[in-house]
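See structure below.
Atoms within a ligand are numbered from 1 in the order they appear, just like the ligands themselves.
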Amino acid sequence: MEERTGAQLIAEALRAQNVEYMFGIVGVPVIEVAMAAQTAGIKYVGMRNEQAACYAASAIGYLTGRPAVCLVVSGPGLIHALGGMANANMNCWPVLVIGGSSDQNQETTGAFQEFPQAVRSSMYGRPGACYVDIPGDMVNAKIEEVKVRTVSCCPPPPVGLAQYNAIAGAISVLKQAERPLIIIGKGAAYSRAEAEILQLVESCELPFLPTPMGKGVVPDDHPNCVAAARSRALLQADVVVLLGARLNWILHFGFPPRFSPQVKIIQVDLCAEELGNNMRPAAALLGDIRAVVSQAMALQPALPMNYYTAFHHISQLLPKDCIIVSEGANTMDIGRTMLLNSLPRHRLDAGTFGTMGVGLGFAIAAALLEKTQGSGQRVVCVEGDSAFGFSGMEVETMCRYKLPVVIIVINNNGIYSGVDTDTWREMEKMGDLTNIAPPVTLLPDARYDEVMRAFGGKGYLVQTPEELRSALQESLADWDRPSLLNVLIDPASDRKQQEFPWLTRSNL
Ligand code: ADP
Ligand code: MG
């Protein structure tokens, strides 16, 4: 029967845990452990002080999500490593410190089986430092292979979701915010939540501030980054969403005069003990940041949609080279910032004269050119409902010539803004609409999509982000006829206030 040394078992157990790096300084009794680790395929980096070795190992843990090993001798080696362990613990970074101590009675070989536990507790819950003590005599002791208990790789930590009610509460606090601010910490970086947080920032137009190590989760040069006005942003925010950052000295404990005394905090953290530290949060979301942000995003598009939600989805699906025709008031204004062009002469809008009703004619011209030149570029016409009305009958022209224009009517029941169906019905009961109806209103929920259908084009009634995405994808795939997406948005949806555009948001 083949025999294995304790050192080999340690190395193989580490390898089975997907440990890739070992940093350390060897001495009796851990030299063989380092050698066995190399044989097992682990990269061993000899350092000059255990403290630096532990810093390095913990940084691997932060950057990869799986712990690396810091290998030390007993006594002074471990004492030196303590600085690194404390640092890893305070940073919430996983690291596995293995120390060799003096020999002990051979009988308690069970200590090897502590390995997977150590890996698990370094990664699960709040990540941190873990220490495994290897009695020196075990390093070179041999054991028959048949007696070796192999332990499989510890799976990634389970992902916690926040309570539904807590998320709904957080969204309502955020919706009432006038000057919201997201603070992105290194917990957000560790949870790899970059895609989700970017989507949150962009779809809700939220300003954000990274902590020193939260930098880059959303790029520093993103237009919503308020790092250049950090003090002002902290002080003026009325609602702060804390994503994996603690209200410790780095964030002035969340206290005045750096924060407003009235500030409401929405706190997201996977460590329950952290929730409520230094302040009472308006909403405490216990869970993994990436998962919780996705949860919130799924709940967030409260219906009906607003301009920002609709344009967010449209902008994600439009081909980069499409020709965008746009007219309307808010539709054109907000569309200008959210629907982007990357080619010249691909934007046609109300122009110098601010004319409404130009869009469909422009779109027909662009589609005819595309047809003769066969450039393969889509013509997408984004219209306010009022603007569409000025020349809506041109959809018949598009159908007659089979011009595959995609018309998106952002329908808010009026010019600038309208009223909802219930309010309209109430007004109808109150008397003569010519006396009562606000001049800006148009018929609520008008079926412009049916107008397109009347001539053989495709018409879609769109009320949710999902319907918007699927209708737009279908329309963009159809080159045989025009389509019209009648996107019903909140009639009260408005553009954001203008004074401090990067700090002000009235629509979520
Ligand atoms: P910063 O220095 O960037 O302010 P901190 O170290 O103060 O960041 O805070 C990080 C917080 O992130 C810690 O409270 C930690 O519990 C938390 N955290 C770490 N990983 C996750 C995760 N995956 N999901 C949620 N919270 C996390
Ligand atoms: Mg912090």
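Residue T211 holds the heavy atom nearest to atom 1 (P) of ligand 1 of all those in L285, T211, L275, L251. In this structure, of N91, D269, N277, the residue bringing a heavy atom nearest to atom 14 (O) of ligand 1 is D269. Here atom 26 (N) of ligand 1 lies nearest to L270 when heavy atoms of L242, I250, I183, L270 are compared.
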### Task
Go through the steps to decide whether L200 and F208 satisfy the test side-chain contact (heavy atoms from CB on, under 4.5 Å), and finish with yes or no.
CA-CA 10 Å; L200 177 71; F208 71 90; over 6 Å; no
### Task
Could you walk me through whether V73 and I25 pass the side-chain contact (heavy atoms from CB on, under 4.5 Å) test, one step at a time?
CA-CA 8 Å; V73 298; I25 300 180; over 6 Å; no
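Atoms of ligand 1 found under 4.0 Å from any heavy atom of C271 (numbered from 1 in listed order, with element): 16 (O). Of all atoms in ligand 1, numbered sequentially from 1 with element shown, those under 4.0 Å from a heavy atom of N248 are 7 (O). Within ligand 1, the atoms closer than 4.0 Å to a non-hydrogen atom of E274 are 14 (O), numbered from 1 in the order shown. Counting atoms of ligand 1 from 1 in the listed order, those under 4.0 Å from a heavy atom of G244 are 8 (O), 9 (O), 10 (C), 11 (C), 12 (O). When each atom of ligand 1 is checked for a heavy atom of S191 under 4.0 Å away, the hits are 22 (C), 23 (N). Heavy-atom proximity to G185, at under 4.0 Å, picks out these atoms of ligand 1: 3 (O).
Distances from ligand 1 to the non-hydrogen atoms of G287 include at least one value under 4.0 Å. Put simply, no part of M213 is less than 4.0 Å from ligand 1, judged by heavy atoms.
Summarising the geometry, atom OH belonging to Y308 is positioned 13.0 Å from atom OG belonging to S315; distances are rounded to the nearest 0.5 Å. Taking OG1 from T211 and CG from L242, the interatomic distance works out to 10.0 Å, rounded to the nearest 0.5 Å. Note that NZ of K142 and CD of E2 are 10.0 Å apart. Values are rounded to the nearest 0.5 Å. The distance from atom CG of L235 to atom CZ of R179, rounded to the nearest 0.5 Å, is 9.5 Å. M123 contributes atom CE, which lies 11.0 Å from atom CG of L96 (distance to the nearest 0.5 angstrom).
Residue-environment remark: CD (Q163) stays at or below the threshold of 12 foreign heavy atoms within 6.0 Å.
Of the heavy atoms in I289, both backbone and side-chain atoms come closer than 4.0 Å to ligand 1. Only the side chain of R126 comes within contact range of ligand 1, with a heavy atom under 4.0 Å; no backbone atom does.
Ion pairing between a basic and an acidic side chain is recognised when a charged N comes within 4.0 Å of a carboxylate O; R4 and E12 show such pairing.
For the pair Y190 and ligand 1, the shortest N or O to N or O distance does not fall below 3.5 Å.
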